[in-house]
Protein chains: 2
Amino acid sequence: MPRKIRLTDVAEAAGVSAITVSRALRKPEIVSPAVRERIQAVVDRLGYVPDPAARALASARTNVVGVLIPSVTNNVFTDVLRGIYATAETTDFRIQVGNTRYSLLEEERLLRIFLSQRPAGLIVSGIDQTETSVTLMRQADCPIVQIMETGDRPIDMMVGFSHRDAGAAAARHMIERGYRRIAFFSARMDPRSQRRLAGFVSVVKAAGLDDETLLVTTPRSSSVTLGCEMTSELLSRTSNVDAVICNNDDIAVGVLFECQRRRIAVPDDLGICGFNDLEMMAVANPPLTSVRTHREEMGRRATRMVLDAIAGAPIAEPIVDLGFEVIGRESTRRGERPA
Amino acid sequence: MPRKIRLTDVAEAAGVSAITVSRALRKPEIVSPAVRERIQAVVDRLGYVPDPAARALASARTNVVGVLIPSVTNNVFTDVLRGIYATAETTDFRIQVGNTRYSLLEEERLLRIFLSQRPAGLIVSGIDQTETSVTLMRQADCPIVQIMETGDRPIDMMVGFSHRDAGAAAARHMIERGYRRIAFFSARMDPRSQRRLAGFVSVVKAAGLDDETLLVTTPRSSSVTLGCEMTSELLSRTSNVDAVICNNDDIAVGVLFECQRRRIAVPDDLGICGFNDLEMMAVANPPLTSVRTHREEMGRRATRMVLDAIAGAPIAEPIVDLGFEVIGRESTRRGERPA
DNA sequence: CTCCTAAATGATAGCGCTGTCATTTGTCAA
DNA sequence: TTGACAAATGACAGCGCTATCATTTAGGAG
């Protein structure tokens with residue numbers, strides 16, 4: 001293995017000082033074009049790659065953008081991650097993912113570790129950090145974007161949407177489509193799920209349609225299986241229900257499968273609405289209504305905001321609301337019959 | 001923001017030299033118990049966290065384990081990732097994921113970047129790296145585990161299973177269950193998909209059941225939608241088919257939805273078999289047969305192998321075959337009728 | 001020409017830690 | 001008590017880069 005090429009090797013070969021090479025690489029515009037090109041040629045010829053550890057030590061700043069998410073398997077976050085990776089991979093910045101497993105304390109622990117490494121930027125999920133976490137982040141001198149939801153009082157920047165509004169919109173959709181006995185299925189009550197539920201509740205209450213027996217929740221994480229089980233549980237409790245809003249698409253698919261098994265007609269006997277609008281919703285049988293969210297775009301946007309802030313660009317919008325759309329499909333297209 | 005606590009701060013407070021603190025943290029056993037405890041107390045009190053950049057620079061070795069995977073959204077890899085994160089998060093090592101997007105050249109590029117950072121270890125997907133990548137990895141002086149599949153000639157270590165055997169086993173299962181006109185649906189023909197197809201082909205050929213018109217492939221990435229479309233395509237081409245083996249579970253679910261729409265009876269008119277045995281397969285209607293693979297365990301195992309090797313432990317088994325199981329469910333449980 | 005200013009380049013000193021070798025301390029046999 | 005050897009600890013240099021300040025060069029104005 002040939003000895004590692006260092007900055008000084010490049011400098012020597014190009015006939016300039018080390019610091020000039022350093023500058024040519026980091027801020028080309030402050031080096032004269034002639035020198036810049038000569039250096040670039042040598043860099044290419046020798047295959048020089050800067051040592052990130054040395055850079056970090058000397059500049060007290062790494063090229064790492066930390067990302068804290070609650071799950072590395074949940075579709076919602078992997079979609080966001082894809083957007084983050086896609087945006088970061090054309091730059092010199094590396095993404096480092098921390099998995100908080102829906103624990104605010106684990107988030108705090110990871111935050112400490114990340115911050116001790118002087119990250120270039122940080123992307124964290126949600127707006128419900130612990131007091132300590134918030135303090136840590138306020139003291140941090142790197143750009144920070146909170147993703148997944150919006151709120152007032154951002155730590156620095158935010159990209160997301162209102163989960164409360166989304167839950168309310170789903171409820172309104174069901175009511176407009178003629179459903180009256182609307183159940184709500186929710187797994188893993190993370191803060192965002194709770195806000196969607198709150199939005200749902202506020203709407204059904206206002207319409208005089210609220211009924212606590214129609215709420216099914218569990219701390220287990222969401223899955224298709226869970227959708228089946230929740231359906232069974234609800235139906236064992238009451239048959240007086242004509243629709244289900246699911247806090248996640250996989251639950252909705254589970255409800256659909258269970259309905260098929262029990263020969264419950266969707267959408268006539270039971271309307272189904274999911275959340276996130278995963279790809280499969282459109283091709284299910286029948287196609288399932290869902291609330292579309294913009295997960296990949298959220299990742300892209302958040303990353304761009306961090307990178308812009310690192311570059312010192314002024315932040316036009318510190319809070320970006322990406323919105324959502326209720327995509328009404330056949331699963332909530334009820335025939336004309338008494339409500 | 002209080003000044004960062006350094007090693008020397010701890011050393012001073014504990015009344016020892018810096019190097020002793022360094023040793024107490026990295027190799028506690030070579031420091032006397034009394035001193036070790038005194039140092040640990042000071043570390044806790046001051047909240048000292050070592051600077052990874054300085055460590056990396058001084059020791060020419062980072063605490064980063066690089067992971068190269070083709071996709072950050074594909075379920076298969078996110079499950080593996082979960083195993084990797086779970087195993088790594090109890091250690092001082094950080095995971096850094098590189099997304100090759102199924103491109104061997106991108107993989108090579110990322111490999112160069114990763115290796116230039118002197119990673120503690122590397123986990124790469126598959127066994128089909130470019131010549132250059134292989135050379136780079138052979139020259140690297142860190143442990144490397146290839147995951148997802150097995151083969152002879154590992155670069156260093158391997159954890160996976162034989163995709164060819166898995167494809168063959170699925171084919172055998174269908175034949176045993178009485179299917180004779182067995183189609184094969186495959187998206188994104190990555191090397192592993194191709195090997196599963198090859199295993200399938202070898203079995204149907206041996207049984208005299210091979211028919212090229214029953215092969216449906218596409219470079220598009222797999223999805224439920226794709227399963228629907230492939231079903232339509234196949235049926236527009238021929239109706240002489242009694243089963244489908246899908247190279248991915250989401251395709252299988254798509255086939256199921258399309259069958260439901262077309263009122264094709266599963267399993268009597270068409271048997272369906274997926275691959276990976278995602279959670280939803282067991283609760284679909286009817287439950288879908290699939291080939292179960294051990295993705296999370298693969299991630300855990302690979303990470304443990306890397307960590308053990310870093311720690312200098314002898315490698316008991318450099319090649320670990322995790323196997324697979326055909327989980328026969330109702331979707332391939334055909335009633336008694338002429339084949 | 002000279003002087004002044006800005007642009008370009010360089011010299012120097014670390015960043016916080018660990019590798020290496022040197023020194024001190026402790027233990028035990030003779 | 002002494003010497004030999006291992007265990008424990010320390011001194012020092014330097015990993016590869018960049019921040020900071022110093023110096024040189026270029027480009028006009030007068």
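In what follows, chains are A, B, ... by sequence order, proteins preceding strands, each numbered from 1. Note that the coordinates shown come from a computational prediction; the quantities given were computed from them, not determined experimentally.
Summarising the geometry, the separation between CG on B/Asn63 and P on C/dC17 is reported as 13 Å, rounded to the nearest angstrom. At whole-Å resolution of the value, CG in A/Leu57 and C1' in C/dG16 are 5 Å apart. Protein atom CG of A/Leu7 is 14 Å distant from nucleotide atom P of C/dA11, rounded to whole Å. Remark: P of D/dG10 and CD1 of B/Ile39 are 8 Å apart, rounded to the nearest angstrom. Atom CZ of B/Arg61 and atom P of C/dG19 are 11 Å apart (whole Å). Summarising the geometry, the separation between CD1 on A/Ile5 and C1' on D/dC15 is reported as 16 Å, rounded to the nearest angstrom.
Within the 4.5 Å cutoff, the side chain of A/Thr73 has heavy atoms near those of the B/Asp79 side chain. A heavy-atom distance below 4.5 Å is not found between the side chains of A/Phe77 and A/Val67.
Partners of A/Arg55 under the salt bridge (Lys or Arg N to Asp or Glu O under 4.0 Å) rule, at least two apart in sequence or in another chain, do not exist in this structure. Applying the side chain to side chain donor-acceptor pair (under 3.5 Å) rule to A/Arg61 yields the partners A/Asp141; only residues at least two apart in sequence or on another chain are considered. Legend: residues meeting side chain to side chain donor-acceptor pair (under 3.5 Å) with B/Glu108, ordered by chain and number and at least two apart, are B/Arg112, B/Thr130.
Screening residues 27-42 of chain A for side chain to side chain donor-acceptor pair (under 3.5 Å) gives A/Gln40-A/Asp44 as the qualifying pairs, with residues at least two apart or on separate chains. Residue pairs meeting the ring pair (Phe, Tyr, Trp, His ring centres under 6.0 Å) criterion with at least one member in residues 121-161 of chain B, sequence neighbours excluded, are B/Phe161-B/His163.
Axis angle between the ends of the helix from C/dC1-D/dG30 to C/dA30-D/dT1, five pairs each and rounded to 10 degrees, works out to 40°.
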Check nucleotides 25-27 of chain C against the protein and report each pair of N or O atoms closer than 3.5 Å, with its distance, or say if there are none.
none

Scan nucleotides 4-6 of chain D against the protein and return all N/O pairs shorter than 3.5 Å with their distances rounded to 0.1 Å.
none

query = Given the rule in the side chain to side chain donor-acceptor pair (under 3.5 Å) test, do A/Arg295 and A/Thr293 qualify, once you have shown the distances and angles that lead to the verdict?
reply = CA-CA 6 Å; A/Arg295 304 176 296 284; A/Thr293 57; 2.8 Å; yes
request  = Take B/Leu136 and B/Gln129, measure what side-chain contact (heavy atoms from CB on, under 4.5 Å) needs, and give me the verdict at the end.
outcome  = CA-CA 10 Å; B/Leu136 284 170; B/Gln129 289 78 24; over 6 Å; no
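Taken to the nearest 0.5 Å, the CG atom of B/Asn63 stands 8.5 Å off from the OG1 atom of B/Thr91.
Residues of residues 23-36 of chain B having a heavy atom closer than 4.0 Å to DNA chain D, listed by number: B/Arg23, B/Val31, B/Ser32, B/Val35. For residues 8-22 of chain B, proximity to DNA chain C is found at B/Ile19, B/Ser22, defined as any non-hydrogen atom under 4.0 angstrom from a strand atom. If you check residues 45-53 of chain B against DNA chain C, the residues with a heavy atom closer than 4.0 Å are B/Tyr48, B/Pro50, B/Asp51, listed by number.
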N/O donor-acceptor pairs under 3.5 Å from side chains in residues 299-320 of chain B, not counting sequence neighbours:
residue	atom	partner	partner atom	Å
B/Arg300	NH1	B/Glu297	OE1	2.5
B/Thr303	OG1	B/Gly299	O	2.6

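Side-chain nitrogen and oxygen atoms of B/Arg55 include at least one within less than 4.0 Å of the OP1 or OP2 phosphate oxygen of C/dT18.
Few gaps surround CG on B/Asp321; more than 12 heavy atoms of other groups in view lie less than 6.0 Å from it.
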